[in-house]
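Here's the structure, in structure tokens; my notes come after.
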2 protein chains.
Amino acid sequence: MFEPPTLKDIATALGLSTSTVSRALRDTYEISSKTKKLVLEYAEKINYQPNPSALSLKVRRSKSIGVLVSEVANYYFSQAISGIESIAYDRGYHVIITQTHESYDREKINIQHLASRSVDGLLVSLSAETADTSHLRDLHDKGLPMVFFDRIAEDINTHKITANNEQGAYDATVHLIKSGKRKIAHLTNSGQLSISIDRLKGYTRALQEYGITPNPNYIKHCNHGGMFYDEIESAVAEVMNLKDTPDAIFVGSDRLSVGCLSVLKNLNIGQDLIIAGFSNADVLDLFSYPLTSVRQPAFEIGQQATELLLQLIESKHPVTEFENRVIDTKLFVR
Amino acid sequence: MFEPPTLKDIATALGLSTSTVSRALRDTYEISSKTKKLVLEYAEKINYQPNPSALSLKVRRSKSIGVLVSEVANYYFSQAISGIESIAYDRGYHVIITQTHESYDREKINIQHLASRSVDGLLVSLSAETADTSHLRDLHDKGLPMVFFDRIAEDINTHKITANNEQGAYDATVHLIKSGKRKIAHLTNSGQLSISIDRLKGYTRALQEYGITPNPNYIKHCNHGGMFYDEIESAVAEVMNLKDTPDAIFVGSDRLSVGCLSVLKNLNIGQDLIIAGFSNADVLDLFSYPLTSVRQPAFEIGQQATELLLQLIESKHPVTEFENRVIDTKLFVR
DNA sequence: AACGATGTCGGGAACGATTGCACAAATTTA
DNA sequence: TAAATTTGTGCAATCGTTCCCGACATCGTT
């Protein structure tokens with residue numbers, strides 16, 4: 001059964017002690033150059049790889065980071081994950097990805113899982129259902145490095161990185177207004193999510209700046225993030241069945257943008273609607289229904305989040321100053 | 001810094017030895033029920049979690065499996081991954097996902113990474129560039145359990161699970177023929193991939209059964225799996241610039257199906273073409289260009305692959321009989 | 001009362017790697 | 001040439017578990 005070579009194997013093969021071999025393999029310090037070369041060459045030859053379990057038991061570092069997202073099958077997150085991996089692998093870290101499927105219970109389980117798996121740090125984007133973040137705060141208080149991206153927890157003091165959701169929502173809403181629409185509905189994720197709050201702000205600000213009073217009936221939340229089709233359908237149906245039917249919709253998430261289009265198509269309504277929404281899909285140009293999209297720099301967000309996390313992990317001194325990075329979105333008019 | 005409780009902590013707190021505590025926490029054997037209860041309750045109270053590094057160092061099991069796919073941002077793979085996780089987590093295994101981005105070099109690196117990380121087994125779908133599978137065969141020969149799904153390696157003797165690619169391709173091609181087309185091009189992945197071979201077979205069989213001689217000029221391979229837009233564009237352009245222009249295209253992969261549509265749109269050609277292709281996208285109904293799709297049961301394939309792998313991992317006796325599961329696809333005419 | 005059988009528990013050696021300390025050999029210095 | 005210093009290497013403890021093995025108390029049996 002697959003027995004990789006150990007330090008001891010090298011030591012006995014070369015007639016040295018494990019300590020000498022160990023020292024030869026890491027820094028040069030206090031080892032003659034001949035034995036060092038000897039060891040390095042032999043290790044190379046037999047393709048020696050230090051046992052990660054032994055190593056992490058000894059140095060209390062697993063060289064791996066955990067990622068918590070709602071869904072891998074999501075344009076935004078899959079791009080963000082690619083960004084995360086691009087940095088992590090370069091720096092020698094493994095990436096363990098877990099999905100919450102927008103469930104709070106699942107989030108708690110996964111976080112527990114990751115912590116017990118002794119990851120060196122966590123990259124977190126909250127689930128749609130998560131209102132209470134104490135499971136994360138506990139770990140953070142115990143000293144587990146943590147960086148939030150996209151859906152952040154306001155009450156945990158650490159690095160956070162998001163798109164400029166408020167501005168992106170503002171831009172999209174203004175686009176709808178400038179297209180001549182004034183009855184603009186807003187379909188969005190669950191209300192406690194930071195992204196929902198910020199996007200709602202941008203939407204409201206745009207309306208107000210153009211002299212439109214926000215209509216509470218026009219705002220529909222999907223508390224499970226649109227994980228169930230019925231959830232989206234009933235939200236869309238409700239808003240479209242109002243006596244004062246909207247003439248445009250601004251959608252606050254990737255999944256909901258696509259979901260909203262599906263519902264409209266299936267219900268065969270809203271042909272005269274114009275729609276704008278957050279989405280990182282790369283197939284929007286192929287849609288029969290034009291969707292103006294707010295695109296987030298997901299890959300870069302993943303990269304920067306990872307850089308900040310590794311910075312935390314590898315810092316010798318406890319970090320007390322935290323960044324709150326906000327990156328601009330881009331509007332694609334269709 | 002985040003010091004989780006250890007066996008010794010429990011032992012000293014309760015005035016027992018670590019051996020007793022250890023025994024109490026695993027199976028009942030040789031432990032009085034009172035002390036067992038005592039230990040279990042205390043462990044529960046302080047939320048004891050065994051240190052995974054120590055555990056895997058001791059028992060040579062990491063309780064984690066590695067997954068190798070080309071891209072997470074791919075309808076098929078993201079669904080397969082959800083299937084993998086659904087089984088793995090239930091059985092107490094962690095899932096480490098790595099992406100090759102269709103690169104052979106990256107595949108070697110990732111496989112090496114996973115092996116050195118001492119995963120208990122591997123779930124593999126080859127990259128588009130991979131022709132030589134010796135890096136995998138070496139590990140397999142050393143006893144690392146391995147299951148292939150989707151893009152399998154013919155020359156490695158282990159469990160394999162795929163969709164019925166030959167039949168799916170046949171069905172799609174027949175659909176095109178029955179729609180009155182006889183000049184059917186085939187755009188597909190790199191030639192050495194098992195899925196390409198099988199799908200080409202199905203395509204060819206359909207043509208022949210309907211008395212159409214396959215035209216080699218109609219078959220275009222993308223050796224990088226369509227990772228670069230240019231690759232798809234030139235393949236599509238080449239086949240569309242033939243003097244005997246095709247009147248239909250059968251596309252052999254998810255990425256290429258969407259890519260092909262994008263190219264046609266951007267080049268503003270092929271409006272009278274009809275297209276069928278393998279795709280697990282859930283947004284095809286929203287496309288302006290109808291795409292008849294062959295859908296694979298990705299989630300189930302992921303699940304079954306994981307079950308087979310765990311079976312291999314947890315088997316006491318070396319397994320010599322391997323399965324070759326083939327699961328039916330489904331045709332969605334649009 | 002003495003014996004073995006049984007049931008509980010602790011001691012301690014692993015697993016593979018790192019690292020402080022000791023110590024021998026080589027080199028320099030007086 | 002002897003002492004002092006430097007240089008290179010090995011010993012052994014340690015990280016948190018598991019598990020073999022031995023210790024010992026209790027109990028029933030004769």
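Every chain is numbered from 1 and lettered A, B, ... according to where its sequence line falls, protein lines coming before strand lines.
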* **Length of the line joining A/Arg26:CZ and D/dT9:C1', which is rounded to integer Å** => 18 Å

* **Atom-pair distance (CG on B/Leu25; C1' on D/dT18), nearest Å** => 12 Å

* Asked: Below 3.5 Å, does any donor atom in the side chain of A/Arg23 face an acceptor in the base of D/dG10, or the other way round?
  -> yes

* **Side chain of A/Ala54 (C-beta onward), nearest among C/dG10, D/dT17, C/dA17** => C/dA17

* Measure from CZ on A/Arg61 to P on C/dT18 and round the result to the nearest Å. => 14 Å

* Just how far, in rounded Å, is C1' of C/dG16 from CD of A/Gln49? -> 14 Å

* To do: Verify the contact: side-chain N or O of B/Ser22 to OP1 or OP2 of D/dT18, cut-off strictly under 4.0 Å; return yes or no.
  => yes

* Within the modelled atom types, does a donor on one side and an acceptor on the other bring the side chain of B/Ser53 and the base of D/dC15 under 3.5 Å apart? -> no

* Taking CG from A/Asn51 and P from D/dG16, how many angstroms apart are they, rounded to a whole number? -> 16 Å

* Asked: Do A/Lys8 and C/dA17 have a side chain to base donor-acceptor pair shorter than 3.5 Å?
  -> no

* **For atom CD1 of B/Ile10 and atom P of D/dT18, their distance in whole Å** => 11 Å

* NZ of A/Lys58 versus P of C/dT18: gap in Å, rounded? -> 9 Å

* Have a look at A/Ser56 and say if it touches a base, only the backbone sugar-phosphate, or nothing, with a 4.0 Å heavy-atom cut-off. => nothing

* To do: Report yes if some heavy atom in the side chain of B/Phe148 is under 4.5 Å from a heavy atom in the side chain of B/Ile156; otherwise report no.
  => yes

* To do: Using only side-chain N and O atoms of B/Thr20, determine if any of them is under 4.0 Å from OP1 or OP2 of C/dC9.
  => no

* To do: Could you tell me whether B/Ser19 contacts a base, only the sugar-phosphate backbone, or nothing, with contacts defined as non-hydrogen atoms closer than 4.0 Å?
  => base

* Can you check the A/Arg60 CZ to C/dT19 P distance for me, whole Å? -> 13 Å

* Asked: What do you reckon, are the aromatic ring centroids of B/His224 and B/Tyr104 less than 6.0 Å apart?
  -> no

* A/Tyr48 side-chain N/O to C/dG16 phosphate OP1/OP2 under 4.0 Å -> no

* Ignoring hydrogens and angles, tell me if any N or O in the side chain of A/Thr158 forms a donor-acceptor pair with the backbone of A/Met146 under 3.5 Å. => yes

* Structure fact -> DNA chain C nearest-nucleotide lookup for B/Leu57 and B/Thr18: closer to the 5′ end is B/Thr18

* Indicate yes or no for a side-chain donor-acceptor contact from A/Thr12 to the backbone of A/Asp9 under 3.5 Å, with no hydrogens or angles considered. => yes

* Determine the interplanar angle of the B/Phe77 and B/Phe149 rings, folded into 0 to 90°, and report it as parallel if under 30°, tilted if 30 to 60°, perpendicular if over 60°. => perpendicular

